[in-house]
Amino acid sequence: MKLRNRNIEKLHTEEFDALIIGGGINGAATAAALAGKGAKVALIDRGDFAGSTSMHSSNLVWGGIKYMESKDFALVRKLCKSRNHLIKSYPSTVQEIRFLTTITKGFRHSPRYLWAGTWLYWLMGNGFTKLPRLLSPNKIKQEEPIINVEGSVGGFEYSDAYLHDNDARFVFNFVRHALDYGAAAANYVESLGAEREGDWWLTKARNVMDGSTFTIRAKVLINAAGPWVDQHNALTGQKTTHQHMYSKGIHLIVPQLTRIKRVLAFFASDGRLFFVIPMGNRTCIGTTDTHMEHPEVDVTADDIAFVLENINTRLTLKNPLTPDDIISTRCGVRPLAIKADQGNDRDFLQLSRKHVIDTNTDSAHISIFGGKLTDCLNVGDEIADDVARLGVTLSDPNFQWYGEPPLPVKQQFMDQAARMNLDAMTADSSSEPLSSRLWRRYAEKAMGMLEEIRQDPSEADILIEGTEYIRCELAHARDHEMITQLEDFLRRRAKVSLVVQHEQLRQSKGLKEACKVLFGEEAEERFNAYFEQNRDTSRPPKSAIEDC
């Protein structure tokens with residue numbers, strides 16, 4: 001809490017070049033870009049960083065192959081280049097993965113036609129990934145026995161990328177970089193609206209944790225509130241050329257269905273792509289695509305029935321999945337950017353996730369519509385360019401604000417880990433060696449963790465059964481990751497609540513130990529508050545069980 005308190009003090013005592021409202025992927029990348037390039041930046045979010053859409057993605061970093069069908073080739077080209085750039089910039093986190101797609105008889109396109117499309121997709125991505133392959137039903141069954149090939153006319157395999165950890169963690173690392181570059185950032189600080197006074201935006205902010213209010217002064221106001229961009233623009237009286245439509249998507253986390261590290265892709269009964277995605281020692285399945293009028297959403301009985309019906313139809317599991325197999329759920333909205341004068345009657349299934357930056361030069365106000373993880377580096381650079389055009393001086397406009405540390409730094413870490421035989425301490429249940437995991441999550445900041453483990457090998461022990469989180473990560477999380485509520489730790493800095501059953505967490509001695517480290521004397525209070533406020537998402541509504 002000390003880190004957050006220091007940053008809140010800065011928010012109401014200092015003046016800023018830019019204030020960013022919203023700590024999802026757009027806001028986090030923007031904060032890192034601006035701070036890295038030399039602007040004085042403030043970032044606030046009324047909840048936790050990555051607390052909405054950015055923690056409910058498929059964890060995929062892909063070039064938008066589905067937009068090939070609508071012939072949006074310019075967008076596909078841009079997203080493929082963005083994907084490649086992320087793979088090169090974050091080789092430990094954003095990794096190429098193969099997608100095995102099965103086509104059923106009667107589908108609107110033949111496997112050969114789609115296979116040809118994957119070659120065009122490969123070429124549009126500069127041939128950066130492995131080559132596509134055309135597969136017969138027998139070959140599909142041979143390579144992945146759990147796929148139901150009855151009624152299949154074949155399929156194909158191609159490459160995209162995915163986040164090895166989780167989306168919210170990826171987003172937070174941008175926030176962490178922004179802090180390292182000098183930004184003032186705080187979660188659980190709500191904007192109550194802003195007014196332009198001379199050359200300054202005066203934003204009234206409320207500390208959600210204690211109810212206190214204060215004013216933040218900034219030259220430029222950047223609305224990166226994700227699905228709530230339109231609502232915040234209404235607070236500030238901003239008229240924009242774009243607005244949002246909303247599409248709800250859910251995923252179910254279930255026990256590991258296959259050990260093969262590959263995404264299984266199908267076309268669901270509604271015609272959209274449907275995925276089986278590896279998640280360490282668990283599997284993530286989904287997604288749905290439901291038009292919503294508002295960004296506040298939840299998992300319904302129909303959502304669960306749709307996902308389970310599709311997965312059980314397309315896989316030949318020894319025991320079909322039921323609601324009892326659900327460990328946790330993910331549910332959020334995709335904010336889709338549309339022209340404000342087009343209304344809400346468009347076919348949202350045909351809308352892309354492209355981002356749109358809407359800048360009002362007269363009031364020095366910027367709104368970010370749409371967007372996705374794949375395009376985050378472009379968002380950061382584009383906003384920095386716009387902020388410079390609005391008159392803010394960037395002292396280091398060419399600074400590379402993203403990416404892993406240089407290879408010599410990584411090699412130094414790996415050499416030190418090898419000398420202490422760190423990987424021999426990796427738990428049998430883990431999906432990767434300890435050295436790879438610590439580097440991927442913390443990079444050079446993990447050096448101190450090596451020393452803790454050297455002095456006390458029990459610091460390398462798994463904290464909570466069913467996860468890969470080890471004890472020495474806790475002190476770092478407390479001091480450097482602005483964990484304010486227990487859910488911030490369980491769901492976003494780590495992915496503990498995604499992979500461990502709710503009731504198992506409640507009984508976990510490791511979680512109670514974590515609470516003591518993170519919250520000190522308030523540990524029991526925070527523990528109880530979490531379980532009072534968070535329902536068990538592994539237990540679907542009764543109606544869902546009846547429908548499934």
Side-chain angles (χ1 to χ4, degrees), residues 18-30 44-47 50-54 56-57 64 66-67 70 72 74-75 78-79 190-196 201 203 220-249 272 287-298 331-376 378-380 382-383 385-387 390:
L19 168 63
I20 302 162
I21 309 293
I25 187 58
N26 288 338
T30 294
I44 61 174
D45 194 295
R46 67 179 180 183
S52 182
T53 296
S54 293
H56 293 302
S57 78
K66 72 174 186 176
Y67 306 136
S70 57
D72 198 347
L75 177 62
K78 181 180 181 182
L79 290 176
E190 179 183 14
S191 167
L192 301 177
E195 294 181 348
R196 187 76 177 168
W201 276 102
T203 301
V220 178
L221 186 62
I222 301 172
N223 182 356
W228 294 276
V229 164
D230 296 311
Q231 287 89 328
H232 195 272
N233 280 339
L235 283 177
T236 55
Q238 291 295 306
K239 301 294 184 183
T240 57
T241 58
H242 288 79
Q243 64 185 41
H244 275 143
M245 285 182 66
Y246 307 110
S247 169
K248 183 178 77 169
R272 68 169 283 118
T287 177
T288 58
D289 207 338
T290 310
H291 184 201
M292 306 299 292
E293 294 296 329
H294 305 285
E296 292 79 14
V297 294
D298 205 350
C331 177
V333 293
R334 307 169 186 89
L336 306 171
I338 62 171
K339 288 286 185 69
D341 57 5
Q342 290 179 323
N344 290 327
D345 57 350
R346 297 191 60 192
D347 180 1
F348 74 97
L349 289 174
Q350 298 301 315
L351 292 173
S352 73
R353 293 289 305 280
K354 67 181 179 182
H355 71 267
V356 175
I357 296 171
D358 200 316
T359 301
N360 185 330
T361 55
D362 293 335
S363 62
H365 185 280
I366 300 174
S367 301
I368 309 174
F369 293 92
K372 58 189 296 180
L373 290 167
T374 308
D375 217 18
C376 62
N378 289 329
V379 170
E382 290 170 25
I383 295 292
D385 290 343
D386 270 16
V387 167
L390 291 173

Could you go through Leu221 and Thr236, starting from their C-alpha distance and side-chain angles, then the distance that decides it, and tell me whether this counts as side chain to side chain contact (heavy atoms under 4.5 Å, CB included)? CA-CA 10 Å; Leu221 186 62; Thr236 55; 4.1 Å; yes

Is it the case that the side chain of Ser57 and the backbone of Thr53 share a donor-acceptor pair, with hydrogens and angles ignored and the cut-off at 3.5 Å? no

Looking at every heavy atom in both His244 and Gly370, which two are closest together, and how far apart are they? NE2-N, 2.9 Å

Is any NZ, NE, NH1 or NH2 atom of the basic residue among Lys248 and Asp289 found under 4.0 Å from an Asp or Glu carboxylate oxygen of the other? no

Determine, stepwise, if the pair Phe369 / Val229 fulfils side chain to side chain contact (heavy atoms under 4.5 Å, CB included). CA-CA 7 Å; Phe369 293 92; Val229 164; 3.6 Å; yes

Considering all heavy atoms, the nearest Ala194-Thr203 contact: CB-OG1, 3.3 Å

Count the heavy atoms of every other residue, nucleotide or ligand shown that sit under 6.0 Å from CD of Glu296, and state whether that count exceeds 12. yes

Quick one: NZ on Lys339 to CD on Gln243, what's the gap to the nearest 0.5 Å? 12.0 Å

Rounded to the nearest 0.5 Å, the CD1 atom of Ile21 sits from the CG atom of Asn223 at a distance of 7.0 Å

Over all atoms of both residues, closest heavy-atom pair of Gln231 and Tyr246: OE1-OH, 3.9 Å

Decide yes or no for Asp385 and Val387: does some side-chain heavy atom of the first lie under 4.5 Å from some side-chain heavy atom of the second? no

Nearest 0.5 Å, please: how far is CG in Asn26 from OG in Ser54? 7.0 Å

Side chain to side chain donor-acceptor pair (under 3.5 Å) partner of Asp386, the single match among Thr30, Thr359, Thr361: Thr359

Is the distance from the ring center of His365 to that of Trp201 below 6.0 Å? yes

Closest approach of Ser247 and Leu336, non-hydrogen atoms and distance? CB-CD1, 4.0 Å

Any side-chain to backbone donor/acceptor pair from Asp358 onto Thr240? Under 3.5 Å, distance only. no

Donor-acceptor pair, Thr288 side chain versus Thr290 backbone, under 3.5 Å? no

Atom NZ in Lys78, atom CG in Asp72: separation rounded to 0.5 Å? 11.0 Å

Check: Gln238/His232 side-chain N/O donor and acceptor closer than 3.5 Å: no

Cut-off 3.5 Å, side chains only: do Ser52 and Arg46 have a donor facing an acceptor? no

Heavy-atom donor-acceptor pair, Asp375 side chain to Asn378 backbone, under 3.5 Å: no

Any sub-3.5 Å donor-acceptor pair from His56's side-chain atoms to Cys331's backbone N or O? yes

If you take all heavy atoms of Ala29 and Cys376, which pair is closest and at what distance? CB-O, 3.6 Å

One should read off an interatomic distance between Leu75 CG and Lys354 NZ, to the nearest 0.5 angstrom, of 7.5 Å

Could you walk me through whether Thr287 and Arg272 pass side chain to side chain contact (heavy atoms under 4.5 Å, CB included), step by step? CA-CA 9 Å; Thr287 177; Arg272 68 169 283 118; 3.4 Å; yes

What closest approach, in Å, do Ile368 and Ala224 show between heavy atoms, and which atom pair accounts for it? CD1-CB, 4.0 Å

If I take atom CG from residue Asp45 and atom OG from residue Ser191, how far apart are they, to the nearest 0.5 angstrom? 11.0 Å

I'd like to know whether Ile366 forms a side chain to side chain contact (heavy atoms under 4.5 Å, CB included) with Leu390, so could you lay out the CA-CA distance, the side-chain angles of the two residues, the decisive distance to 0.1 Å, and finally the verdict. CA-CA 10 Å; Ile366 300 174; Leu390 291 173; 4.0 Å; yes

